[in-house]
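One structure below.
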Amino acid sequence: MKFSRISAAILLGLVFLAGTNFSHAQSQWMDSILPPDHLLENLPWLDDEGKIQSKGLFDFENVRGLKNKEGDEIKDLILIYRPNAPADELDKPHNQTLNVCFYNPETKKYEKNFQDEGGTIQWIRVLKTPQRAAPYLIFQRDDLKGGQVLKGFSYINGAMKQVLDLAAPQIFTKFEGLEIWCSSKGYAKDRTDAELILAWEPTKEKFLTTKSGVAGWTGTSILVAEAPATPTPGNKGTEVVSKPAAKTSKPSADGWWDDPLDPQAAMLKLKNELIPALIKGNQIAVLGQKAKIFFAALEKQGTPAKDISGMRSSYYASVASVLADMGKKKDAAYYLKIALGFQKDNPDAMAVQAKLK
């Protein structure tokens, strides 16, 4: 029998017996952390050997890399819940919500902060590195359409921000230092065997791909370099820096990208540079014009309509994300609605949706 079938009364008893700061807020569990009529599910942790270990219904991790005045780690609460269902339907495909609750030392309570909703989570991993106080919260889940997604979040500038977003029909993931080796048919035997290699890029604050020539992989974390990444000399397992790609393109006469038009690279520039800069500069009309020219160029180039819809969704979701970070939640909700209209399951839009809850 799954732990998700445990009654709320038994669950609260387990929480009380945990003997942590969580015991200060038993009633808060149902009132402000878990929505009504939902069930907790086991946390599938991925260990260093690539095996999935289940520790129980919830766990405490120092997600933010913070310490109290005494120098002790401030541990936050991680849990997964799903909608309730009749006993004979519990094993059917369903949505799961990953929830991270930050511990507030002043109120001595856990406060719901971050959520990500989607298909069943296959595994979760807290990837720690000596280069950063805050670890990376990385997980892989089904997308309810027969495919899989690989996501990562980290505590950056006072908030949980997405640093990894990858989708494919099937993903086999292997960690090697700060590199993530991905393949579609089986676990990579070595670095050269991987179809896709993701490495942490500190200047972009994202995991970006350093291996080109891979078809069928999609996501905002893809930024293909011409040359393979190489570790910093003498520091095995430290951050990986990509070699500069040879400059073979030239500025476009029709827009702000380079010719020949690389849709993925242009989309990254639009999301990571133009959108934040122009919105913060109160030039949203200029931004709209630049986006209009870009999508028209995609249509002219023959980009499939489905792909353009996905990029339009990501564009409006990115606008919504920047507005939300600026505290303009009403405007953010407006653009999020447009994003979901183009692609209701767009990963960027779903991330903003979780942020606005």
Donor + acceptor pair across side chains of S313, D348 (<3.5 Å): no

field: Electrostatic pair R312-E299, nearest N-O below 4.0 angstrom
entry: yes

Nearest heavy atoms of I80 and N42, plus distance in Å: CD1-O, 4.1 Å

Identify all side-chain donor-acceptor contacts of residues 148-159 below 3.5 Å with residues at least two apart in sequence or on another chain.
unit_1, atom_1, unit_2, atom_2, d
Q148, OE1, Q140, NE2, 3.1
Q148, OE1, I171, N, 2.8
K151, NZ, D116, OD1, 2.9
K151, NZ, D116, OD2, 3.4
S154, OG, R132, NH1, 2.9
S154, OG, R132, NH2, 3.4
S154, OG, P135, O, 3.0

I78 vs L98 side-chain heavy atoms within contact, under 4.5 Å: yes

- prompt: Of all heavy-atom pairs between K355 and S321, which one has the smallest distance, and what is that distance?
  reply: NZ-OG, 2.8 Å

query: Does N346 reach the main-chain N or O of G310 with its side chain, forming a donor-acceptor pair under 3.5 Å?
result: yes

field: Pairwise side-chain contact, R191 with W181, heavy-atom cut-off 4.5 Å (strictly under)
entry: yes

field: Residue pair N99 / T97, side-chain donor-acceptor N/O under 3.5 Å
entry: no

- prompt: Between the side chain of D307 and the main-chain N/O of M311, is any donor-acceptor distance below 3.5 Å?
  reply: no

message: Around atom NZ of K328, are there more than 12 heavy atoms from other residues, nucleotides or ligands closer than 6.0 Å?
response: no

query: Are N113 and V100 close enough that some pair of their side-chain heavy atoms sits under 4.5 Å apart?
result: no

query: Any chance the rings of Y136 and F207 have centres within less than 6.0 Å?
result: yes

query: When you look at M160 and V63, which way does the side-chain contact (heavy atoms from CB on, under 4.5 Å) test go after all the steps?
result: CA-CA 9 Å; M160 292 293 287; V63 176; 3.8 Å; yes

task: Verify the neighbour count for atom NZ of K344: are there more than 12 heavy atoms of other residues, nucleotides or ligands below 6.0 Å?
output: no

- request: Grab the two heavy atoms, one from K271 and one from S318, that are nearest each other, plus how far apart they are.
  value: CE-OG, 3.2 Å

- prompt: Within a strict 4.5 Å, meaning less than it, do heavy atoms of the L287 and Y315 side chains meet?
  reply: yes

Kindly list each side-chain donor-acceptor pair under 3.5 angstrom involving residues 119-127, sequence neighbours excluded, with atom names and distances?
unit_1, atom_1, unit_2, atom_2, d
Q122, NE2, D142, OD1, 3.1
Q122, NE2, D142, OD2, 2.8
R125, NH1, D47, O, 3.1
R125, NH2, D48, OD1, 3.0

- request: Work out which heavy atom in L261 is nearest to a heavy atom in A266; give both atom names and the distance.
  value: CD1-CB, 3.9 Å

field: Donor-acceptor contact present, side-chain Q343 to main-chain D345, <3.5 Å
entry: no

query: Do other residues, nucleotides or ligands put more than 12 heavy atoms under 6.0 Å from the CD atom of E70?
result: yes

- prompt: Are L278 and F295 connected, step by step, through hydrophobic side chains (Ile, Leu, Val, Met, Phe, Trp, Tyr) whose heavy atoms are closer than 4.5 Å?
  reply: yes

